Student: 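I'd like to ask you about the structure that follows.
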Amino acid sequence: MTINLPDWARIGLTVLVKDKNCIRGDNPNDWYRETIVAFGYDGVFHQAKYCPIYFTEFSEYGKTIKLLDK
């Protein structure tokens, strides 16, 4: 099986992730800085230092996950 990865999905990249379920805080509009650590068939696994690993689908790019502007 071949997994087609978007250009933005690379292990080690820092991304901003919106927590729409308010797991990390009280505001669903806050963005959190995390690092992509692995891939799934249809998304990426990302993690902040000393935090659990979360999964976001590729289709969520621009909505709940985006590249960190440097």
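Owing to the predicted nature of the structure, the values given are computational and were not obtained by experimental measurement. The first residue in the sequence is number 1, and the count goes up from there.
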Student: When you compare the side chain of V15 with that of Y61, does any pair of heavy atoms fall below 4.5 Å?
Tutor: no
Student: Dump the intermediate steps for side chain to side chain donor-acceptor pair (under 3.5 Å) on H46 and T35, then the final yes or no.
Tutor: CA-CA 5 Å; H46 45 86; T35 303; over 6 Å; no
Student: Hey, what else clusters with I53 if you join Ile, Leu, Val, Met, Phe, Trp, Tyr whenever side-chain heavy atoms sit under 4.5 Å?
Tutor: V37, F45, F55
Student: Give the C-alpha distance, both sets of side-chain angles, the deciding distance and a yes or no for side chain to side chain donor-acceptor pair (under 3.5 Å) between E60 and T64.
Tutor: CA-CA 6 Å; E60 286 293 306; T64 61; 2.9 Å; yes
Student: Side chains of W8 and I65, heavy atoms from C-beta outward: is any pair under 4.5 Å?
Tutor: yes
Student: Quick check: closest heavy atoms across V44 and A9, and the distance to 0.1 Å?
Tutor: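 The pair with the smallest heavy-atom distance is CG1-CB, 3.8 Å.
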Student: Q47 versus Y54: any side-chain heavy-atom pair under 4.5 Å?
Tutor: no
Student: Would you say the side chain of L5 lies within less than 4.5 Å of the side chain of F39, judging by non-hydrogen atoms?
Tutor: yes
Student: Any side-chain heavy-atom pair from L13 and L67 closer than 4.5 angstrom?
Tutor: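 Yes, their side chains come closer than 4.5 Å.
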Student: For T14 versus R33, what's the shortest heavy-atom pair and its separation?
Tutor: CG2-CG, 3.2 Å
Student: Could you check if a side-chain atom of K18 sits within less than 4.5 angstrom of a side-chain atom of Y32, using non-hydrogen atoms only?
Tutor: no
Student: Measure the CD-OG1 distance between E34 and T56 for me, rounded to the nearest 0.5 Å.
Tutor: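 Going from the CD atom of E34 to the OG1 atom of T56 covers 8.0 Å.
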